[in-house]
Amino acid sequence: MIAPELLPTPAQQQVGDFYTIATLGSHSALQILKGARDEGFKTLAIASYETERLYRSFNFVDEVITISRYQDFMSLVPELEERKVIIVPHGSFVAYLSLEEHKRMNVPYFGNKAVLDWEASREMQRVWLTKAGLKVPRQFRSGSEIDRPVIVKLYGAQGGKGYMFVRDAADFERRAGELTRQNYVLQEYIIGVPFYIHYFYSPLTGKLEIMSMDRRYETNVDSLGRIPAAAQEGMDVSPSYVVVGNSPLSLRESMLAEAYRMGEDVVRVSQEICPPKGLFGAFCIETIITPDAQFYIMEISARIVAGTNLFIDGSPYSYLNYSEPMSTGRRIAREIKNALLSNSLHAVLDDGGSAG
Ligand code: ATP
């Protein structure tokens, strides 16, 4: 049975009519805006000259504002502040706006901006994850410490671009020249299945939901297995980790309780490090599962991730909770609507203190 507080009522449908949900036209904007419309909100896409026709072509997008570059988003802020607009951020916000710009913008914003500092720094993320009792891959301070295969992760890389697999200390020594003037970390290479778990934590009900899961399809690491190891010898092919797509997954049910616990622990610790609200709304824990069924955590994303685009019509897990199509984008809109109805908008927004 669906929890009564999660069901939309006719009153909720009306409440949504007064507000516009807005986001940048990229990443998971279609899912966010479709979800907002399904929950009764007006919708606004902030697009570029290249993308505006695409966003106008969808009938659930009520309005499109065009800017020349997404980096110019801040120039719209005064106009958005005048309107009843709620911003739902996604990965492109972090890519195009600096942390300072995020904090300067006073448009009501779904999420807790205090978490951004913890997410943006690899070191702080490790502290957060470790405090939550999650396993993280070992890190090495220098090439000479390397005693097992490692992945060299460049700072600021997106989608694994430029990452390097290194077999041992001697291999690192040989290839270190490729890394001059770049910041990177040397991380233990975990051999297993990359598994991305999408969660939603409701500050209104205090409940965590598993929304969906995906794996990324990365070139060329995911295709190396198609060439026998013996044939690869002498070919001089190195694995690369450039994401080209995502595919849906379900987790062995015997491992679900652990996945759920990890989400709960991450939320609990976030409330200690970013009190009082902590992390809420959509987030993703990026894991690698080893043959002994251990989850190693590569990273945490504190907002909706692009892998949820596979589930615009809902996932097997969201169906269990809702029995209706419930994407992560729609779940966000529903949370905002439930907050409006219960006069608790402040609980789901970061607005520099002005949300009522
Ligand atoms: P995004 O910001 O888009 O999530 P990113 O650039 O931060 O990507 P990661 O998600 O950290 O990159 O990693 C990209 C890929 O590299 C992973 O999907 C995985 O295949 C591989 N990878 C990362 N860390 C490890 C590790 N410790 N062991 C094995 N593989 C790893």
Side-chain angles (χ1 to χ4, degrees), residues 26-28 89-99 115-126 128-130 134-141 145-168 171-172 179 182-199 212-225 237-249 262 266 282-292 294-310 328:
S26 73
H27 193 269
S28 46
H90 50 57
S92 299
F93 277 81
V94 196
Y96 294 116
L97 304 189
S98 66
L99 284 184
V115 174
L116 292 175
D117 292 320
W118 284 85
E119 188 202 21
S121 146
R122 286 196 200 273
E123 291 72 30
M124 286 165 80
Q125 269 210 19
R126 268 177 95 79
W128 176 8
L129 295 169
T130 312
L134 273 56
K135 278 194 205 59
V136 291
R138 258 194 77 175
Q139 262 174 211
F140 301 94
R141 272 168 304 190
E145 276 185 13
I146 295 175
D147 62 357
R148 64 194 76 189
V150 299
I151 181 163
V152 183
K153 302 173 82 162
L154 305 182
Y155 279 107
Q158 271 169 11
K161 214 165 173 193
Y163 285 11
M164 213 160 86
F165 173 82
V166 169
R167 241 182 125 105
D168 51 29
D171 191 17
F172 181 78
L179 294 164
Q182 305 207 59
N183 288 323
Y184 56 85
V185 289
L186 301 174
Q187 199 171 81
E188 170 185 12
Y189 192 91
I190 307 294
I191 299 174
V193 174
F195 212 105
Y196 293 66
I197 309 167
H198 318 142
Y199 300 86
S212 45
M213 296 164 195
D214 79 298
R215 69 165 297 192
R216 287 172 169 186
Y217 203 57
E218 295 168 353
T219 184
N220 59 10
V221 69
D222 287 321
S223 59
L224 288 179
V237 193
S238 308
S240 60
Y241 300 85
V242 179
V243 181
V244 287
N246 306 72
S247 48
L249 280 179
M262 293 191 310
V266 158
F283 67 99
C284 172
I285 304 185
E286 305 183 357
T287 76
I288 298 183
I289 310 177
T290 54
D292 53 352
Q294 302 287 315
F295 290 88
Y296 279 83
I297 315 304
M298 286 182 282
E299 202 172 328
I300 177 162
S301 288
R303 70 192 63 70
I304 185 168
V305 290
T308 62
N309 283 338
L310 290 164
T328 293

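For reference, positions follow the sequence shown, starting with 1. When a ligand or atom number is given, it counts from 1 through the structure's own listing order. In this text, all values refer to a predicted model and were calculated from it rather than measured experimentally.
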Checklist entry - Who passes side chain to side chain contact (heavy atoms under 4.5 Å, CB included) against Gln294, sequence neighbours left out? => result Lys135, Thr290, Asp292, Tyr296
Checklist entry - For ligand 1, is there an N or O atom under 3.5 Å from any N or O atom of Lys161? => result no
Checklist entry - Where on Tyr163 is there a heavy atom closer than 4.0 Å to ligand 1, on the side chain, on the backbone, on both, or on neither? => result side chain
Item to check | Test side chain to side chain donor-acceptor pair (under 3.5 Å) applied to Thr328 and Thr308, step by step | outcome: CA-CA 7 Å; Thr328 293; Thr308 62; 4.6 Å; no
Checklist entry - Looking at residues at least two apart in the chain, or sitting in another chain, which of them share a ring-ring contact (aromatic ring centres under 6.0 Å, His included) with Tyr217? => result none
Item to check | From Ile151, Ile297, Ile288 - option closest to atom 29 (C) of ligand 1 by heavy atom | outcome: Ile288
Item to check | Close N or O approach (Tyr196, ligand 1; < 3.5 Å) | outcome: yes
Checklist entry - Would you say the side-chain atoms of Gln125 pair up with the backbone N or O of Ile300, donor to acceptor, closer than 3.5 Å? => result yes
Next on the checklist: Would Arg122 and Tyr155 count as a cation-pi pair here, with the cationic atom under 6.0 angstrom from the ring centre and within 45° of the axis?
Outcome noted: yes
Next on the checklist: Show, in sequence, the C-alpha distance, side-chain angles and deciding distance for His90 and Ser28, and conclude whether the side chain to side chain donor-acceptor pair (under 3.5 Å) test is met.
Outcome noted: CA-CA 7 Å; His90 50 57; Ser28 46; 5.0 Å; no
Checklist outcome for this item: ligand 1 atoms nearer than 4.0 angstrom to some heavy atom of Glu286 are 4 (O), 10 (O)
Item to check | Polar proximity ligand 1 side, Lys153 side, N/O cut 3.5 Å exclusive | outcome: yes
Checklist entry - Just by modelled atom types, is the Leu99 backbone N or O under 3.5 Å from a matching donor or acceptor in the Asp117 side chain? => result no
Next on the checklist: Side chain or backbone, does Ile190 bring an N or O within less than 3.5 Å of an N or O on ligand 1?
Outcome noted: yes
Next on the checklist: Heavy-atom distances under 4.0 Å decide this one: backbone, side chain, both or neither, for Tyr189 against ligand 1?
Outcome noted: both
Next on the checklist: I'd like to know if Phe165 contacts ligand 1, where contact means a heavy-atom distance under 4.0 Å to any ligand atom.
Outcome noted: no
Checklist entry - Counting heavy atoms only, which part of Glu188 comes closer than 4.0 Å to ligand 1: side chain, backbone, both or neither? => result backbone
